[in-house]
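All heavy atoms count here, side chains included; hydrogens, waters and symmetry mates do not.
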Amino acid sequence: MTKLEQIEKSVAELSPEELKAFAAWFEELQADLWDKQIEADAKAGRLDKLAEQALTDHRAGRTRPL
C-alpha cells in the first residue's frame, strides 16, 4: 500500500468531528503553501510582468473601484 493509499484509508475512517478538524488543518496547510509559493514567485520576479500590466491598465483608466 502506498503512502497516499494509507492516508486515504485513514481519512476515510475518521469520525465526523475528526474529519472536520482534519479538513480545517488541511485547508490551512494549503493556504500556507500557496502563500509561500506566491512569496517565492514575487521574490523571483515572476509576477513583475503581471504587476506592470495591472499598473498600466490602471493608469490608462481601464480599472474600476472595488
Side-chain angles (χ1 to χ4, degrees):
M1 183 179 293
T2 68
K3 196 184 266 191
L4 179 57
E5 290 169 333
Q6 291 172 343
I7 292 169
E8 289 172 344
K9 183 178 183 307
S10 294
V11 169
E13 294 172 354
L14 294 174
S15 71
E17 296 82 21
E18 291 171 323
L19 185 57
K20 185 177 178 179
F22 172 77
W25 169 82
F26 191 70
E27 186 176 330
E28 187 174 328
L29 174 67
Q30 287 182 305
D32 289 344
L33 293 172
W34 174 258
D35 289 346
K36 288 176 184 173
Q37 183 64 56
I38 291 293
E39 185 177 338
D41 287 348
K43 285 181 180 177
R46 287 189 280 271
L47 303 176
D48 292 353
K49 187 175 179 181
L50 292 172
E52 187 54 44
Q53 182 62 50
L55 290 170
T56 299
D57 288 345
H58 182 68
R59 289 183 195 117
R62 293 187 293 261
T63 61
R64 57 190 162 109
L66 294 176

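Once rounded to the nearest 0.5 Å, the distance linking OG1 of Thr56 with NE2 of His58 reads 11.0 Å. Considering CD of Gln6 and CG of Leu4, their distance stands at 9.5 Å, rounded to 0.5 Å.
If you chain together hydrophobic residues whose side chains sit under 4.5 Å apart, Leu14 and Trp25 fall into the same group. In terms of hydrophobic clustering, with Ile, Leu, Val, Met, Phe, Trp and Tyr side chains grouped at heavy-atom distances under 4.5 Å, Ile7 and Met1 are assigned to different clusters. Under the 4.5 Å side-chain heavy-atom criterion for grouping Ile, Leu, Val, Met, Phe, Trp and Tyr, Leu29 is connected to Val11 within one hydrophobic cluster. Cluster membership check: Phe22 shares its hydrophobic cluster with Leu33, using side-chain heavy-atom separations under 4.5 Å among Ile, Leu, Val, Met, Phe, Trp and Tyr.
Within the structure, every pair that satisfies the salt bridge (Lys or Arg N to Asp or Glu O under 4.0 Å) test and touches residues 10-21, not counting sequence neighbours, is listed here: Lys9-Glu13.
Counting non-hydrogen atoms of neighbouring residues, nucleotides and ligands closer than 6.0 angstrom, the CD atom of Gln30 exceeds 12 such neighbours. Summarising the local packing, CD of Glu27 is surrounded by 12 or fewer heavy atoms from other residues, nucleotides or ligands at distances under 6.0 Å.
Nearest heavy-atom pair, Ile38 versus Leu47, reported as atom, atom and distance to 0.1 Å: O-CD1, 4.0 Å.
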